[in-house]
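Have a look at the structure below before the remarks.
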Amino acid sequence: MSDQAERKSYDPKTIERKWYDFWLEKSLFKPEVNPSGRPYCIVIPPPNVTGSLHMGHALNATLQDVLVRWRRMQGARALWLPGTDHAGIATQNVVERELAKEKTDRHQLGREEFIKRVWKWKGEYGGRIIHQLKVMGASADWSRERFTLDDGLSEAVRTVFVKLYEEGLIYRSARLINWCPRCRTALSDLEVEHEEEEGILTYIKYPLSGGKGHVLVATTRPETMLGDTAVAVNPADGRYNELIGRKLDLPLTCRQIPVVADPAVEMEFGTGAVKVTPAHDFNDEEIGKRQSPPLESVSVIGADGKMTAQAGPRYAGLDRYECRKLVVEDLKSLGLLEKEEKYTHSIGHCYRCKTVIEPLSTPQWYVRVEPLAREAIEAVRQGRVRIIPEGWSNSYFAWMENIKDWCISRQIWWGHRIPVWYCRQCGQVIVARVTPQACPRCGGAAPEQDPDVLDTWFSSALWPFSTLGWPEETPDLKSFYPTGTLVTAFDILFFWVARMIMMGLKFMGDVPFRDVYIHALVRDQEGQKMSKSKGNVVDPLTIVDKYGADAFRFTLAAFAAQGRDIKFSEERVKGYRHFINKLWNASKFISMNTQEEAAGSIDGVSDLPSRWILSRLSQAAEEINLALEEYRFNDASNRLYQFLWHEFCDWYIELAKTGLEDAGQAKGIRWCLLHTLDMVLKLLHPFMPFVTEELWQTIAPAGKGQSIMTAAYPKDLPRFPEAEEQMGPVIDAISAVRNIRGELGIRPGAKVNVIVNAYSGAAADTLKRHVPYIKRLAGADSIIIGTGIEDQKPKKAAVNVMQGLEVYVPVAGLLDIETELDRLGRELGRTGKELDFCLRKLMDEEFVNKAPEAVVAKEKAKCRELEDKKRNLEESINRLKSMEVENG
RNA sequence: GGGCGGAUAGCUCAAUUGGGAGAGCGCAGCCCUUACAAGGCUGAGGUCACAGGUUCGAUCCCUGUUCCGCCUACCA
């Protein structure tokens, strides 16, 4: 029928590219394939243009694709909206590094040329991650791809900035901010990573002016002492009471500084006296402000991380760390160094380049987020946005309730330029969406634009509506906002998710998405975070290359249990590739056996196994749909695995081989094989799009549409409870014989005779009607079936007791009595133990009185069963023993 | 310092509202049975981290302890 039949096994490379191109060509990723469906939208968390696909992206993209393919198949007008983020600092860094190689820098190039250069870079390399997402099978609508610096999105940014400014929610202020001396820009609080590091606590003597004695202070940053403007003590601290108001000689300078009181000083820490450097420490800035008059601020470290002129001629121009050494040496030689202690404390680093942050005082733009946060908290409280797993809402609330103003200006060139201009003549500040040609106040020409750009996250915060066309009232915006699900990792919950909720509520009047699904972080096999520096990074594309995108995707989905990190293991991918191979071969078998038999319907199905598998399929489909509904990706994939392999392949296909020999049933069975495969492929498709398309195209009944992508996702399939019930004894009988064979080591080729004593007439009837199946699957020659036929138990027989039946296998000649006695003995031991436990429970009056009736009844039934089983086993053992004696 | 999560088979992990724990891989035995050795059949393997408490009954609920992650915080 197809070339598939000739291919021995599944080879992803030959099919993946082909089908992706096919989907693109047919425009199947567009929501318009279901024009009348209910809208469902996912906006991608835009990866950095500089980025290349890592495990986190792979997981993130897989889950989004599973959702969007599933919804699309359900008939939704599903849109997965892709795009990238201009990643201001990161991208600028990349291009600056290139320039450095060319022995030049951005300042020599000039702003305009530099920006051109970055665009050029973006054009050449920026699309890499998009390409990689395609390799993963992402069914995003690329015709709608967006970039945060697109015209439309820039328009959104300006609109938002101006509106917030006009409402007083954006303001400019000069105060301490986190400064990265390497990136030469301000950072928001979130962009600072704190890490515990071992440092040194240096104790320095500050002599009292014009008198004897000194105050001892401790610091981890001795170089900042050059900018000290006070020493603070707790007003309640008896040791220092008298000193408050006195002056100290600040060593290494010719300045005098006062001793001041501030309640924030911990008496227990260090010496209880703290040096105060308002220009370089957030706490100290606060202390300085609380004094009246406020303390002076002396900046001794510059934007480049080097000491300024104010540090004094000896230190000016030195790097802050060189200066630290020199200051310590100088203090030592002056005898003002008391001691140095090892000290572990947490230090802030730039999240982009890991350089130690320096708090510096510079004018920056801020968003006053508290009013925005209030509504965003409400939205989650009321469930208008659901965070899944729910546990993360606690973190969300904690952060939002203590939120601080957001520093949004960055001193770099690559990004959205702040829409603020300053008149060179009158100093008027102009905040506008459109570049002003003249000063509206004095008419002065060409006001100068603020040199800074906005934090990249400022534009990302608008992503769910700016990508849909806002501020234009586009049809997309109308249909797809609010979007359905946001899929992301927790590490950008604050950076991005919270801010989108705030901005969405503010500018769209509604939440940006209904559900936020927070997935795990992908770690290495030892549970370590993957990082380049640790060298434990697993490249997703290498995995795709080795095992195929389908196996990789399925692995990620199967790993994606809620609330737990993923320890990635290549072994698992291998396992799931075997799974796909199983599917491949099952399909091959079915196509070989069904030929042109596409026609037919469920009405032609009369045999029990077919009705059974259809019912099982129905149940699996329901569970899979429910799991996806609740974002339990691992449950959905495990269920698929279980059904396809252990129910469909292990049982149904094996049973069908016998069924097909019966001409009266063959047609129905062929239909059922094809139909079930068709359904399984559809159920699997969101997880493994490529191989399912390949198989569906070659095997599924013709004329059912152009692609599995747009086929209906299985749902509400018929159930046959009686078929499931009747299959029980058949499966049990086969298993019972197999168990005996396996345990006694009867060779697979050797046929056995089987006697089945069923406990009910119905079971016996069913079994009688399925003798050929049992013969084949159990490797039996002859079968005797009946009820109450214990007396037919042969002398030399192996016995197996199941729930509704018992099985005897005469093994004269085959049987080693010792082996069988051993097996029965072990079985008896297990049964006895279980029975004891059960009986003890039932003898406990309190249990019988207090436990629910159903539980007690269940326990009683179990007891009876176990008693039967035990008696049976004992009989068998006794008989074998007597035989042993006879023989012996 | 505060908060969150985890500890279950040799390994990686499940268990939807408390009634004696499952899967995959690995392991052992037997098989090239004509879709599949990337396979089939069978089997072994667990004091559900530790100690208390609630309950007729606890892997599950409560308290405490230990060990590991992570988030967060202005102790110089």
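Every chain is numbered from 1 and lettered A, B, ... according to where its sequence line falls, protein lines coming before strand lines.
Contact check on A/D237 versus A/R239 returns a salt bridge, with a Lys/Arg side-chain nitrogen under 4.0 Å from an Asp/Glu carboxylate oxygen.
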Pair A/W645-A/D650, side chain to side chain contact (heavy atoms under 4.5 Å, CB included): steps then yes or no | CA-CA 6 Å; A/W645 200 315; A/D650 286 352; 3.6 Å; yes
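Using the Watson-Crick or G-U wobble rule with both distances under 3.5 Å, B/U16 pairs with nothing in any strand shown. B/A9 makes up no base pair with any nucleotide shown, lacking Watson-Crick or G-U wobble contacts both under 3.5 Å. With a cut-off of 3.5 Å on both pairing distances, B/U54 has no Watson-Crick or G-U wobble partner at all. The base-pairing partner of B/U59, taking Watson-Crick or G-U wobble contacts with both distances under 3.5 Å, does not exist among the strands shown. Nucleotide B/U33 is matched to nothing when pairs are restricted to Watson-Crick or G-U wobble geometry with both distances under 3.5 angstrom. Checking B/C27 for Watson-Crick or G-U wobble geometry (two distances, each under 3.5 Å) identifies B/G43 as its partner.
The nucleotide whose nearest atom lies closest to any side-chain atom of A/W645 is, among B/A76, B/C71, B/G39, B/G39. The side chain of A/F589 approaches B/A35 more closely than any other nucleotide in the set B/G40, B/A35, B/C25. Picking from B/A73, B/A35, B/A76 the nucleotide with the shortest atom distance to the side chain of A/H345 gives B/A76. Closest approach to the A/F490 side chain among B/A76, B/C70, B/C74 is made by B/C70 (side chain taken as heavy atoms from C-beta onward). Nearest nucleotide to the side chain of A/A851, out of B/C56, B/A35, B/U42: B/C56.
Residue contacts for A/C649: at a heavy-atom cut-off of 4.0 Å it reaches a base atom on one of the strands shown. Heavy atoms of A/F269 sit under 4.0 angstrom from at least one base atom. Contacts of A/Y576 with the nucleic acid, taken as non-hydrogen atoms under 4.0 Å apart, are absent.
Residues A/Y641 and A/Y576 bring their aromatic ring centres within 6.0 Å.
Distances shorter than 4.0 Å separate some side-chain N or O of A/K582 from OP1 or OP2 on B/G40.
Here the separation of B/G19 from B/G57, taken at their P atoms, is 15 Å to the nearest Å. The same atom, P, is picked in B/C70 and in B/C25; the two are 31 Å apart, to the nearest Å.
Following rounding to the nearest Å, A/R572 (CZ) and B/G26 (P) show an atom-to-atom distance of 12 Å.
Nucleotides of RNA chain B nearest to A/R747 and A/N634 differ in position, and the one nearer the 5' end is that of A/N634.
The cationic atom of A/K657 (NZ for Lys, CZ for Arg) lies less than 6.0 Å from the six-membered ring centre of A/F589 and within 45° of the ring axis. A cation-pi contact links A/R738 to A/W651, judged by a cut-off of 6.0 Å to the six-membered ring centre and 45° from its axis.
For B/A44, its base never sits under 3.5 Å from the side chain of A/E743 at any donor and acceptor pair.
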